**Q** 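This is the structure I have questions about; it appears just below.
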Amino acid sequence: MREIRVRFAPSPTGPLHIGGARSALFNWLMARRYGGKFIVRIEDTDLERSSKESEKNILSSLRWLGLDWDEGVDVGGPNGPYRQTERLPLYERYARQLLESGWAYPCYCTEEELTAQRQAQLAAGEMVRYAGRCRSLTPQERVRLEREGRRPALRFKVPEDRVITVRDRVRGEVSFDCAGMGDFIIVKSDGIPTYNFAVVVDDHLMGITHVVRAEEHLSNTPRQVLLYEALGWEVPEFAHISLILGKDRAKMSKRHGATSIDQYRERGYLPEALVNFLALLGWSPGTEEEVLTVEQLKAQFSLERVTKSPAVFDLEKLNWLNGYYIRHSPVERIAELALPYLRRAGYAPGEEKLRLVVAVARNYVEYLAQIPQYVDVFFNDPGYDDPEAREVLAQEQVPRVLGALRDKLAGTGEVADAAAAKELLKKLPKDLGLGGKKVYLPLRVALTGKTKGPELHDLLPVLGKEGTLARLAKAEAAIGITD
RNA sequence: GGCCCCAUGGUCAAGUGGACUAAGACACCGCCCUUUCACGGCGGUAACCCGGGUUCGAAUCCCGGUGGGGUCACCA
């Protein structure tokens with residue numbers, strides 16, 4: 001079997017989008033699953049909108065997700081260059097071939113003329129397409145138009161009597177009637193190739209065997225097939241994956257919230273969670289497994305199991321999955337990843353405290369940026385200004401309870417870990433002859449100033465014996481015990 | 001509007017003519033654990049868009065409708 005060669009070909013006009021990331025992922029998984037090659041090519045023929053920053057951002061997001069490429073921009077390879085603006089001579093050569101073989105012709109229509117025509121067609125309820133004005137210009141007419149200073153674009157001559165059938169790996173056979181297509185531009189008047197032309201040249205030259213891309217490209221595919229045929233090239237396999245939709249079922253865009261990978265990265269989503277989630281958007285393993293490692297994905301992915309219907313991006317599920325990964329990864333790693341968020345919030349824990357704090361706080365979050373809001377109790381002494389908290393502290397048994405814990409603490413060494421803390425706290429209610437609620441809630445409030453928060457046995461080891469004692473004293477002062 | 005794609009719970013989805021009284025996950029609800037919140041465990045509510053065919057039998061095949069989406073650039 002021939003080696004599978006797939007590619008991701010973003011245009012650098014913005015950050016890597018959720019949808020783009022999924023296309024990249026599917027291609028990458030294909031390559032990894034079947035031992036093929038994954039290529040990254042930059043489609044920067046839109047000179048106006050393309051930028052180097054976007055390219056950098058996209059590549060950095062891909063790397064962060066763990067998608068590495070075998071050939072392409074930055075890493076090189078035998079089929080370079082991998083940036084379309086650096087491949088202009090190549091397109092020129094094949095454009096000339098098309099011109100000479102009669103498949104293409106120069107078009108002198110101006111943008112204004114074209115726009116007027118389009119609007120007239122739209123208004124008349126006709127099909128919008130190029131009417132073919134320049135198709136049969138005589139050489140003399142061409143010379144005349146050139147003399148007027150018009151720079152021609154190059155159009156592809158679409159045979160009107162054909163029906164193009166695209167074989168698609170996820171959609172089956174899809175047919176398009178050429179009659180409604182209209183001659184399309186393959187090289188702009190500034191000499192830059194258009195997307196439809198450049199993809200074909202590049203995919204062919206780079207030996208791409210499978211074009212896996214979003215469904216929005218499906219309607220362009222027949223044009224590309226025509227080009228392959230005119231150039232005498234073998235048509236690759238296509239697989240058009242369905243779009244990712246926002247909550248309102250329209251194609252996902254900025255108004256649906258965070259749509260770029262870097263935004264998720266900044267909020268503290270883990271790359272493996274995003275990869276896992278994205279893989280499940282439009283593909284399913286066919287088993288009951290939902291949490292899948294990259295290794296499992298690489299072993300199981302196949303186009304046969306890609307869904308046809310579009311998928312709504314469900315942030316709730318991503319959050320759940322990300323929380324799952326945060327809770328199940330080694331604490332050390334999560335601690336390291338959480339540190340910048342804590343620093344930004346003004347906390348400066350040492351290594352040991354960081355680990356302890358994160359070990360507890362990670363049970364409460366969906367993404368790392370939420371961590372700071374759960375660590376307050378570990379770093380700041382309680383203020384007791386919450387009305388609910390004051391109410392609890394006002395209960396009559398509270399002085400006895402606080403005293404009891406202090407006595408217990410006095411009788412032991414450092415509170416080493418949660419188990420030790422549990423041991424310490426366990427007998428308190430019985431000793432005092434009180435129900436658990438009357439004991440633990442006041443303790444919680446005394447130590448944290450809040451009625452909600454981490455388990456007491458998680459809290460004590462972090463505060464340490466001295467810290468706990470100090471807070472008990474503060475609570476006693478707050479309720480007016482002077483001893 | 002033309003062309004094209006799609007159609008199973010709120011969401012992601014399994015299902016490829018009989019095993020469907022339709023799996024699993026997220027979300028939601030309840031219970032348990034925890035005398036807090038979350039985590040975790042257990043359970044529950046909830047779906048084959050409609051109408052015609054084909055067939056002994058249709059979520060599954062065909063046709064039509066409806067709905068949603070994509071696309072119609074010298075953008076990609």
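In the text below, chain A, chain B and the rest are named by the order of the sequence lines, each starting its count at 1. Since the model is a prediction, treat every value here as computed from it, not as a measurement.
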**Q** Which whole number of Å gives the distance between the P atom of B/rG64 and that of B/rC72?
**A** 26 Å

**Q** What residues from residues 218-230 of chain A pass a heavy-atom cutoff of under 4.0 Å to RNA chain B?
**A** A/Leu218, A/Ser219, A/Asn220

**Q** Run the side-chain contact (heavy atoms from CB on, under 4.5 Å) test on A/Val170 and A/Phe238 for me, step by step, so that the C-alpha distance in whole Å, both residues' side-chain angles and the decisive distance to 0.1 Å come before the verdict.
**A** CA-CA 8 Å; A/Val170 349; A/Phe238 291 103; over 6 Å; no

**Q** Suppose you measure atom C1' in B/rA46 against the same atom in B/rU8; what distance do you get, rounded to whole Å?
**A** 12 Å

**Q** B/rC75, OP1 or OP2 - any side-chain N/O from A/Thr13 closer than 4.0 Å?
**A**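 Looking at the OP1 and OP2 atoms of B/rC75, neither is under 4.0 Å from any side-chain N or O of A/Thr13.
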
**Q** If I pick the P atom on B/rC61 and the same atom on B/rA38, what distance separates them, to the nearest angstrom?
**A**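 The answer is 44 Å between these two P atoms.
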
**Q** With sugar-phosphate meaning primed atoms plus P, OP1 and OP2, does A/Thr194 contact a base, only sugar-phosphate, or nothing at under 4.0 Å between heavy atoms?
**A** sugar-phosphate

**Q** CE of A/Met181 versus P of B/rU71: gap in Å, rounded?
**A** 17 Å

**Q** Would A/Arg390 and A/Glu388 count as a salt bridge (Lys or Arg N to Asp or Glu O under 4.0 Å) if you check the C-alpha gap in whole Å, the side-chain angles of each, and the deciding distance to 0.1 Å?
**A** CA-CA 5 Å; A/Arg390 301 186 76 96; A/Glu388 223 179 307; over 6 Å; no

**Q** Provide the distance between the two C1' atoms, one in B/rG41 and one in B/rC33, to the nearest whole Å.
**A**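 Taking atom C1' in both B/rG41 and B/rC33, they lie 8 Å apart.
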
**Q** A/Arg213 and A/His240: side-chain donor and acceptor closer than 3.5 Å?
**A** yes

**Q** Ignoring hydrogens and geometry beyond distance, is a side-chain donor-acceptor pair present between A/Tyr82 and A/Asp202 at under 3.5 Å?
**A**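 No, because no side-chain N or O of A/Tyr82 sits under 3.5 Å from a partner of the opposite role on A/Asp202.
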
**Q** Report the distance from atom CD of A/Glu391 to atom P of B/rU36, rounded to the nearest whole Å.
**A** 18 Å

**Q** Within the 4.0 Å heavy-atom criterion, would you say A/Pro454 contacts the bases, only the backbone, or no part of the nucleic acid?
**A**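 Counting heavy atoms under 4.0 Å across all strands, the contact made by A/Pro454 includes a base.
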
**Q** Atom CD of A/Glu215 to atom C1' of B/rG70: distance rounded to whole Å?
**A** 6 Å

**Q** Would you say that A/Val166 contacts A/Glu173 through its side chain, given a criterion of any heavy-atom pair below 4.5 Å between the two side chains?
**A** no

**Q** Using distance alone, with no hydrogens and no angle criterion, decide if A/Thr85 and A/Asp44 have a side-chain donor and acceptor under 3.5 Å apart.
**A**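 Yes, because at least one side-chain N or O of A/Thr85 sits under 3.5 Å from a partner of the opposite role on A/Asp44.
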
**Q** Check whether any side-chain heavy atom of A/Arg129 sits under 4.5 Å from a side-chain heavy atom of A/Met181, and report yes or no.
**A**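 No, their side chains stay 4.5 Å or more apart.
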
**Q** Between protein and nucleotides 10-16 of chain B, map the contacts as a letter string: B base, S sugar-phosphate only, - none, heavy atoms under 4.0 Å, written 5' to 3'.
**A** -BBSSS-

**Q** Just N and O in the side chain of A/Lys437: are any of them under 4.0 Å from OP1 or OP2 of B/rU34?
**A** no

**Q** Minimum heavy-atom separation for A/Trp283 to A/Gln300, with atom names?
**A** CZ2-O, 3.7 Å

**Q** Is A/Leu321 touching bases, backbone alone, or none of the nucleic acid, heavy atoms closer than 4.0 Å?
**A**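 Touches nothing.
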
**Q** Please figure out whether A/Leu243 or A/Arg118 has its closest RNA chain B nucleotide nearer the 5' end.
**A**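 Checking each residue's closest nucleotide, the 5'-ward one belongs to A/Leu243.
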
**Q** Find the distance A/Lys188:NZ to B/rA73:P and express it as a whole number of Å.
**A**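 Spelled out: NZ on A/Lys188 to P on B/rA73 is 14 Å.
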
**Q** What does A/Lys438 touch in the nucleic acid at a heavy-atom separation under 4.0 angstrom: a base, only the sugar-phosphate, or nothing?
**A** nothing

**Q** Picking from A/Tyr324, A/Tyr269, A/Tyr367, what satisfies side-chain hydrogen bond (donor to acceptor under 3.5 Å, both in side chains) with A/Asn319?
**A** A/Tyr269

**Q** Need one value for A/Cys109: base, sugar-phosphate or nothing, where a base atom within 4.0 Å counts as base even if backbone is also close, heavy atoms only.
**A**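 Base contact.
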
**Q** Tell me if a side-chain donor or acceptor on A/Arg267 pairs with a main-chain N or O of A/Leu368 at a distance below 3.5 Å.
**A** no

**Q** Looking only at side chains, do A/Ser175 and A/Thr165 share a donor and an acceptor under 3.5 Å apart?
**A**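 The answer is yes; a qualifying pair exists.
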
**Q** Nearest heavy atom decides the nucleotide; on that basis, is A/Arg444 or A/Asp44 closer to the 5' end of RNA chain B?
**A**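 It is A/Arg444, whose closest nucleotide lies nearer the 5' terminus.
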
**Q** Calculate the interatomic distance between A/Gln117 atom CD and B/rC74 atom P; express it in whole Å.
**A**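 Those two atoms, CD and P, are 10 Å apart.
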
**Q** Go ahead and name the base partner of B/rC3; Watson-Crick or wobble counts if both distances stay under 3.5 Å, otherwise write none.
**A**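 Per the H-bond distance test, B/rG70.
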
**Q** Quantified in whole Å, what is the C1' atom distance between nucleotide B/rC62 and nucleotide B/rA22?
**A** 23 Å

**Q** Determine the Euclidean distance between corresponding C1' atoms of B/rU11 and B/rA7; express it in Å to zero decimal places.
**A** 15 Å

**Q** Taking only N and O in the side chain of A/Lys308, is any of them less than 4.0 Å away from OP1 or OP2 of B/rG68?
**A** no

**Q** Compute both the distance and the angle, then confirm whether A/Arg327 meets the cation-pi test with A/Tyr325: under 6.0 Å from the six-membered ring centre, within 45 degrees of the axis.
**A**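 No, A/Arg327 does not sit over the ring of A/Tyr325.
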
**Q** Verify whether one side chain among A/Asp248 and A/His256 offers a donor that lies under 3.5 Å from an acceptor in the other.
**A**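 Short answer, yes.
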
**Q** Check nucleotides 38-41 of chain B against the protein and report each pair of N or O atoms closer than 3.5 Å, with its distance, or say if there are none.
**A**
unit_1 : atom_1 : unit_2   : atom_2 : d
B/rA38 : O2'    : A/Asn363 : O      : 2.9
B/rC39 : O3'    : A/Arg327 : NH1    : 3.4

**Q** Does any non-hydrogen side-chain atom of A/Asn196 lie less than 4.5 Å from one of A/Phe156?
**A** no

**Q** Looking only at side-chain atoms of A/His217, point me to the closest of B/rA76, B/rG70, B/rC74.
**A** B/rA76

**Q** Rounding to an integer number of angstrom, what distance separates B/rG68 and B/rA27 when you compare their P atoms?
**A**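 Here B/rG68 and B/rA27 have their P atoms 29 Å from each other.
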
**Q** What integer number of Å spans the P atoms of B/rC5 and B/rG44?
**A** 41 Å

